[in-house]
Amino acid sequence: ESLTVGELAKKLHREPSEIIKKLFMLGVMATINQELDKDSIELIAGEYGVDVEEEVLVDVTDLEAYFTEDEETNLEERPSVVTIMGHVDHGKTTLLDSIRHTKVTAGEAGGITQHIGAYQVEDKGKKITFLDTPGHAAFTTMRARGAKITDITILVVAADDGVMPQTIEAINHAKAAEVPIIVAVNKMDKEAANPDRVMQELTEHGLVPEAWGGDTIFVPISAIKGDGIDELLEMILLVGEVEEYKANPNRNAVGTVIEAQLDKGRGSVATLLVQNGTLKVGDPIVVGNTFGRVRAMVNDLGRRVKTAGPSTPVEITGLNDVPQAGDRFAVLEDEKSARQVGEARAQLALQAQRSEKSRVSLDNLFEHMKEGEMKDINIVVKADVQGSAEALTSALNKIDVEGVKVRILHTGAGAINESDITLAAAFNAIVIGFNVRPDTNAKRAAEAEDVDIRLHRIIYNVIEEIELAMKGMLDPEF
Ligand code: GDP
């Protein structure tokens, strides 16, 4: 095994520049992306008093390291994990309720459903998992923290209202996360329903229905009447079959926190989505920066369960503290390791908080690039009119600075809003406002999330500013 200078630095919790300096003093000229041989790794690790075999090659405190790939032969089909997105009032909540009520597993009917942040339904003998936190805020926050948990996005568009700003935002969020989209054209029961218009408008955003030669699935539904729900579920199963979502049920569980809170009686309560393996009562576990032993597990029907397989959401108790939505979890071999890793992670989190590594801004862009953290510079573009947004986007795409690519995550007309900031924060992007300003919520969010917003009136100035930042010549803005 080998590591690059950057990877080694990460494992040792040091700055890459420090490692490069050390190597230099040992007579090795290295760059951040350079692969190091075993001798150099041992030498450097030794300098920090770390034993390579145990510590460096597997960083036990990195929960991502537990998300290992499985042998193909151990993989079995797992339920798809679905998120519902769309414009406000287009029927996301109604749809989630409707699916849940019509499809609660036959034998379970009458069971008191429990709101744990996700639920499962069964259709044609197959399960589907729905995250029932509608809206893309939760979705994007989790994505921001590196946790990809959604397999399929249902984009709800009201047939009497058509494509709206948040519809477009949802499309861009799903696209950025590379998640397949199924369109549910809702409110078909309404007099004013015009599904053709919805298809037309979505085509303009790259979602072309199959009937028109594209490959996007459109399902007309009425969430309120329950019409089309069966077809929608069928399409989800179809996409699941095509994409072949699989997992290995016979291994220690790993996954992601859907939601968590402190309960007066039960202490820390967390809903976990098992993404691989099977979670069992009694398992020693690390969840984000917390740890413990799974004391009790309750499913979405409020029933106690002893095990939870891939794609299953369960609420657990037994953690020493409350983790955060989007945190990863992993089951470890024994309680002692869980405690060690959990405590080490809590410690590291404290340190990180203290030295708070800043987000990307144009002022520190070059630093981030030098450290090898960035290959793309992500940008969200908002402009007063669609035409200037497009002109600016195409000019930005033409910027050519060696080794770095401009990636436009989202463009739109109108003021910079909170959703733009959430998206930018998730992808460490810079927001450019062209003849527009952030609204109040966006301003607040940008401050909280430390997102860099740049306001301009002349395209040339935008391009120049980005180019200079990429080349590291921008004077800091005070
Ligand atoms: P959300 O903001 O996207 O979660 O939207 P809601 O589910 O809260 O729905 C907004 C409004 O639209 C509510 O008054 C719902 O009753 C109504 N609604 C939702 N689905 C339908 C539908 O299929 N037909 C009709 N006529 N109204 C619907």
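Since the structure is predicted, the reported quantities are computational estimates derived from the model, not experimental observations. Remember, it's 1-based here, ligands and their atoms both numbered in the order they're listed.
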(message) Show me which atoms of ligand 1 lie under 4.0 Å from any heavy atom of D89.
(response) 1 (P), 2 (O), 3 (O), 5 (O), 10 (C), 12 (O)

(request) Among D327, I116, V314, T271, find the residue that satisfies the side-chain contact (heavy atoms from CB on, under 4.5 Å) test when tested with I258. (result) T271

(message) With a 4.0 Å cut-off on N to O distance, would you call E201 and R197 a salt bridge?
(response) yes

(request) Taking atom types as modelled, find out whether Q275 and R328 have a side-chain donor-acceptor pair closer than 3.5 angstrom. (result) yes

(message) Regarding ligand 1, does K225 bring an N or O atom to under 3.5 Å of one of the ligand's N or O atoms?
(response) no

(message) Would V88 count as a polar contact of ligand 1, with the cut-off being nitrogen or oxygen pairs under 3.5 Å?
(response) no

(request) Return yes if some donor-acceptor pair links the side-chain N/O of H90 with the main-chain N/O of A158 below 3.5 Å, else return no. (result) yes

(request) May I ask you to check if ligand 1 and K190 share an N or O to N or O distance below 3.5 Å? (result) no

(message) Out of G91, A223, A192, S98, who is nearest to atom 23 (O) of ligand 1 when you count heavy atoms only?
(response) A223

(message) Main chain of P79, side chain of S311: is a donor-acceptor contact present, judged purely on distance under 3.5 Å?
(response) yes

(message) The criterion is side chain to side chain contact (heavy atoms under 4.5 Å, CB included); which residues satisfy it with K175, sequence neighbours excluded?
(response) I171

(request) Examine the side chains of E169 and H87 and answer whether a donor and an acceptor come within less than 3.5 Å of each other. (result) no

(message) I want to confirm something. Looking only at heavy atoms, which of M188, Q166, K187 is nearest to atom 11 (C) of ligand 1?
(response) K187

(request) Give, for atom CD1 of I432 and atom CD1 of I453, the distance between the pair rounded to the nearest 0.5 Å. (result) 11.5 Å

(request) Could you see which bit of H90 sits under 4.0 Å from ligand 1, with heavy atoms only: side chain, backbone, both or neither? (result) backbone

(request) Have a look at ligand 1 and work out which part of N186, if any, has a heavy atom under 4.0 Å from it: side chain, backbone, both or neither. (result) side chain

(request) Heavy-atom contacts with T94 under 4.0 Å: which atoms of ligand 1 show up? List them by number with element. (result) 6 (P), 7 (O), 9 (O), 15 (C), 19 (C), 20 (N)

(message) Please confirm whether H87 approaches ligand 1 to less than 4.0 Å, judged on its heavy atoms.
(response) yes

(message) If we set the cut-off at 4.0 Å for heavy atoms, which region of D189 has an atom near ligand 1: side chain, backbone, both, or neither?
(response) side chain

(request) For ligand 1, find out whether one of its N or O atoms is nearer than 3.5 Å to an N or O atom of L95. (result) no

(request) Just jot down the side chain to side chain contact (heavy atoms under 4.5 Å, CB included) partners of D321, sequence neighbours excluded, or say none. (result) T290

(message) Pairs of nitrogen or oxygen atoms closer than 3.5 Å, one from I224 and one from ligand 1: do any exist?
(response) yes

